[in-house]
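Working notes for the structure below.
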Amino acid sequence: MRIQDEQLKRFILDAGLITKADISAAEKVAKEEDRTLSEALIAHGHMTEDDVRRVESYVLGIPFVSLKNMKIEFETLSLIPEPVARNHNIIAYKRTDETLEVAMLDTADLPAIDFIKKKVELRIQPRLTDTESMRSALRQYQKTLKDEFGDLIMKDASELKILNEDGEEVNEHELKKMAEDLPVVRIVDTLLRHAIIQGASDIHIEPGENEVLVRYRIDGILNDAMKLPKIAADSIVARLKVLSGLKLDQKRLPQDGRFKMEMDGQKVAFRVSILPVFYGEKVVMRLLRENRSGFSLEGIGFHGTTLDRIHRATRATTGIILVTGPTGSGKSTTLYTILDIVNTPEVNISTIEDPIEYQMPRVNQSQVKPEIGFTFAAGLRSLMRQDPDIIMVGEIRDEETASLAINAALTGHLVLATLHTNSAVGTVARLIDMGAEAFLLVSTLRVAVGQRLVRKLADDRLSYTLTKAERDELGKKVDLDHVLKALKEESIVKADATWNDIPFYHPKERGETEDGYKGRMGIHEVLEMSPSIKEMVMLGKTGDEIEVQARKEGMLTMIEDGIFKAAQGLTSIEEVLRVVNE
């Protein structure tokens with residue numbers, strides 16, 4: 001049930017919350033823009049969303065509840081799965097034998113209520129709450145899960161058996177027995193599930209002298225997650241070796257493996273690397289969420305001219321599209337997104353990768369195995385005999401692979417590949433260093449994309465504008481006029497805007513998230529091989545000279561794209577400078 005415009009108007013006027021003139025103006029806007037009165041009042045700053053919710057609560061007779069500083073029992077909170085709670089802004093906070101009280105931002109969200117009714121078989125009593133209460137309650141999922149998992153793990157760790165108390169080497173049979181022990185199965189399962197819930201990209205399990213440190217990499221930052229007793233080290237490693245199909249009794253050489261698990265309908269592949277260290281074996285696992293789909297170039301941070309350049313390159317049937325950057329800069333995600341765009345029934349796509357990170361339908365994906373001679377170069381040669389239209393090469397690492405990729409592009413194929421360089425402009429010099437001929441390179445290279453990943457600001461960010469001193473300091477690192485011009489061209493800011501009019505944002509620590517950031521996005525620079533750039537490459541011009549010309553032709557450098565996105569409120573200037581200056 002929603003409050004009617006006439007009811008809202010009558011209550012507001014009776015209560016003296018807003019003047020008649022403001023109400024009349026809002027009614028006019030609502031009619032012109034086909035909005036409700038409440039939407040018009042909120043849009044023009046007369047009331048906040050929470051003000052309207054409190055009025056609705058009073059008029060409709062629905063109790064209003066504040067969840068701020070309320071500790072919700074984990075058993076009650078978890079009656080509604082976290083994804084449902086976040087998507088529908090609904091929290092289960094109080095339960096009796098017959099009823100469940102749920103706090104909502106919109107009590108007219110009937111599908112959410114129906115879902116919960118089917119799940120819990122209790123009488124649902126909806127309550128209205130405010131935005132801050134909802135954020136506070138949603139944070140309890142993360143905190144409560146962490147506390148709950150910690151207790152469970154420490155309890156299981158205390159039950160682990162020590163099979164080598166006498167200090168002798170444990171044989172394979174005993175190690176297998178350790179790996180199948182119920183407490184260690186629960187510990188490993190809980191660590192993996194916790195990492196998935198936290199949105200981690202990597203898990204580190206590091207043995208020390210007296211304890212085992214578990215760390216998660218979340219949004220590119222490594223955080224301590226848990227400390228376990230030293231006794232747990234061998235059992236955990238043995239369990240992960242069993243899951244990954246690795247040799248249990250091999251402790252002196254590195255091993256690599258892979259396994260999968262499914263949680264709440266989400267399939268996750270774990271790429272496992274085990275390395276002998278001083279106090280045992282260190283395990284690092286990369287989490288690859290296999291059923292992630294629907295990525296778009298806009299969704300991962302491309303916009304304006306950079307987006308147009310990529311789309312032009314993908315529409316071509318020949319040439320090379322290169323994505324460059326250090327490890328962990330999102331190159332694979334960009335390549336897979338481009339691959340998804342060009343993946344149509346009319347084309348045959350083959351890839352050679354190390355490793356295969358995401359399985360894609362209708363794409364023939366091959367994994368390199370250097371130990372048996374199946375390298376990128378050998379694989380690329382074989383792919384050419386498979387009648388491909390589009391080829392993806394996981395990484396150009398040497399002169400032979402570079403030469404084969406260029407030849408593939410010359411003979412009528414579209415080639416996608418990654419390369420380890422620091423910038424888009426550096427791609428040209430790197431390929432020439434690898435032995436690529438300049439005249440062949442300019443004939444085949446369509447675009448080179450340089451990128452990094454920056455953390456995105458959470459919603460409860462802190463607004464500010466740059467002072468003149470701050471602008472002058474930032475101006476030493478980036479051409480602010482160039483960024484402002486791009487902001488105006490894409491209509492992000494008004495045509496007459498100055499830096500005095502544009503708000504930037506700081507993260508709000510210990511707000512919606514612990515550090516004020518949530519998720520990551522790319523900052524990019526896209527070098528297109530225009531006629532003038534091709535001529536400069538042929539003449540052997542330096543990277544700096546090429547960059548100057550590319551910027552004249554509209555290219556934003558990575559740091560400029562970062563400031564562009566900071567001006568949109570997507571990230572902070574501090575975060576951009578941290579990433580670009582690393």
Side-chain angles (χ1 to χ4, degrees), residues 43 45 296-313 325 329-330 334 337 423-425 447-508 516-528 530 533 547-581:
S296 66
L297 290 172
E298 294 92 335
I300 59 175
F302 288 95
H303 60 92
T305 308
T306 61
L307 184 63
D308 292 341
R309 289 175 173 181
I310 297 287
H311 278 307
R312 269 199 299 274
S329 60
T334 300
T337 303
S423 65
V425 171
V447 292
V449 181
Q451 70 178 63
R452 299 288 189 279
L453 290 176
V454 294
R455 290 177 293 167
K456 292 163 68 176
L457 287 165
D459 290 338
D460 54 345
R461 54 203 178 169
L462 305 171
S463 174
Y464 73 102
T465 51
L466 290 171
T467 64
K468 186 177 185 309
E470 287 170 331
R471 287 200 303 274
D472 291 345
E473 186 61 31
L474 188 59
K476 295 174 185 176
K477 300 181 179 75
V478 60
D479 185 345
L480 290 175
D481 290 339
H482 193 51
V483 178
L484 186 59
K485 182 184 174 190
L487 287 164
K488 290 176 179 178
E489 284 174 352
E490 293 187 38
S491 302
I492 305 297
V493 299
K494 292 179 181 176
D496 59 350
T498 68
W499 286 115
N500 291 323
D501 308 315
I502 299 172
F504 286 88
Y505 298 87
H506 289 305
K508 182 181 178 183
Y517 293 98
K518 188 176 182 181
R520 288 192 291 176
M521 68 185 305
I523 55 173
H524 308 93
E525 56 188 26
V526 180
L527 174 71
E528 188 172 41
S530 65
I533 300 290
E547 184 176 295
V548 168
Q549 178 59 31
R551 291 179 71 252
K552 283 180 185 174
E553 294 175 10
M555 183 183 90
L556 286 175
T557 62
M558 262 182 289
I559 189 168
E560 287 170 347
D561 191 41
I563 302 302
F564 181 100
K565 282 164 180 156
Q568 290 179 287
L570 300 173
T571 188
S572 67
I573 292 175
E574 309 94 286
E575 174 67 4
V576 172
L577 296 179
R578 178 188 73 81
V579 169
V580 175
N581 294 332

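- For K488, the NZ atom is densely surrounded, since the number of other residues' heavy atoms within 6.0 Å is greater than 12.
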Verdict with supporting geometry, E575 and R578, side chain to side chain contact (heavy atoms under 4.5 Å, CB included):
CA-CA 5 Å; E575 174 67 4; R578 178 188 73 81; 2.8 Å; yes

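- Under the side chain to side chain contact (heavy atoms under 4.5 Å, CB included) test applied with I533, the options E528, E553, E547 reduce to a single match, E553.
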Decide yes or no on side chain to side chain contact (heavy atoms under 4.5 Å, CB included) for H524 and H303, but give the supporting numbers first.
CA-CA 9 Å; H524 308 93; H303 60 92; over 6 Å; no

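- Contact detail for G450 and A424: the closest heavy-atom pair is N-CB, 3.7 Å.
- Contact check for L487 versus V483: side-chain heavy atoms found under the 4.5 Å cut-off.
- Of the inter-residue distances, the one linking R452 atom CZ with S423 atom OG reads 8.0 Å to the nearest 0.5 angstrom.
- Contact detail for Y517 and S572: the closest heavy-atom pair is OH-OG, 2.6 Å.
- Checking side-chain atoms of Q451 against main-chain N and O of G330 turns up a donor-acceptor pair under 3.5 Å.
- Summarising the geometry, atom CD1 belonging to I559 is positioned 7.0 Å from atom CG belonging to L474; distances are rounded to the nearest 0.5 Å.
- By the 4.5 Å heavy-atom criterion applied to side chains, F302 and T337 are not counted as neighbours.
- In this structure, L453 and S329 approach most closely via the heavy-atom pair CG-O, 3.5 Å.
- Contact detail for M555 and V425: the closest heavy-atom pair is CE-CG2, 4.4 Å.
- Panel note: side chain R471, backbone L466; a donor-acceptor pair is recorded below 3.5 Å.
- Counting heavy atoms from C-beta outward, I310 and T334 have side chains that stay 4.5 Å or more apart.
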Side chain to side chain contact (heavy atoms under 4.5 Å, CB included) assessment of L570 paired with M521:
CA-CA 9 Å; L570 300 173; M521 68 185 305; 3.8 Å; yes

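- For the atom pair CZ (R461) and OH (Y505), the distance works out to 4.5 Å, reported to the nearest 0.5 Å.
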Assess the residue pair V493 and D501 against the criterion (side chain to side chain contact (heavy atoms under 4.5 Å, CB included)); give the C-alpha distance rounded to whole Å, side-chain angles, the decisive distance to 0.1 Å, and a yes or no.
CA-CA 9 Å; V493 299; D501 308 315; over 6 Å; no

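- Rounding to the nearest 0.5 angstrom, the gap separating the CD1 atom in I523 from the CG atom in L556 is 11.0 Å.
- The aromatic rings of Y464 and F504 lie tilted to each other, with the angle between the two planes from 30° to 60°.
- The existence of a salt bridge linking D472 and K468 is confirmed by a sub-4.0 Å separation between a basic side-chain nitrogen and an acidic carboxylate oxygen.
- Closest approach of K477 to L577, counting heavy atoms only: CD-CD2, 3.8 Å.
- Nearest heavy-atom pair, T465 versus P503, reported as atom, atom and distance to 0.1 Å: CG2-CA, 4.2 Å.
- When side chains are defined from C-beta on, K552 counts as touching Q549, because their heavy atoms get closer than 4.5 Å.
- Annotation: the span from L480 atom CG to E560 atom CD amounts to 9.0 Å, rounded to 0.5 Å.
- Taken to the nearest 0.5 Å, the CH2 atom of W499 stands 9.0 Å off from the CG atom of D481.
- Between the E525 side chain and the M558 main chain, a donor and an acceptor come within less than 3.5 Å of each other.
- Salt bridge annotation for K565-D561: present, with a cationic side-chain nitrogen under 4.0 angstrom from a carboxylate oxygen.
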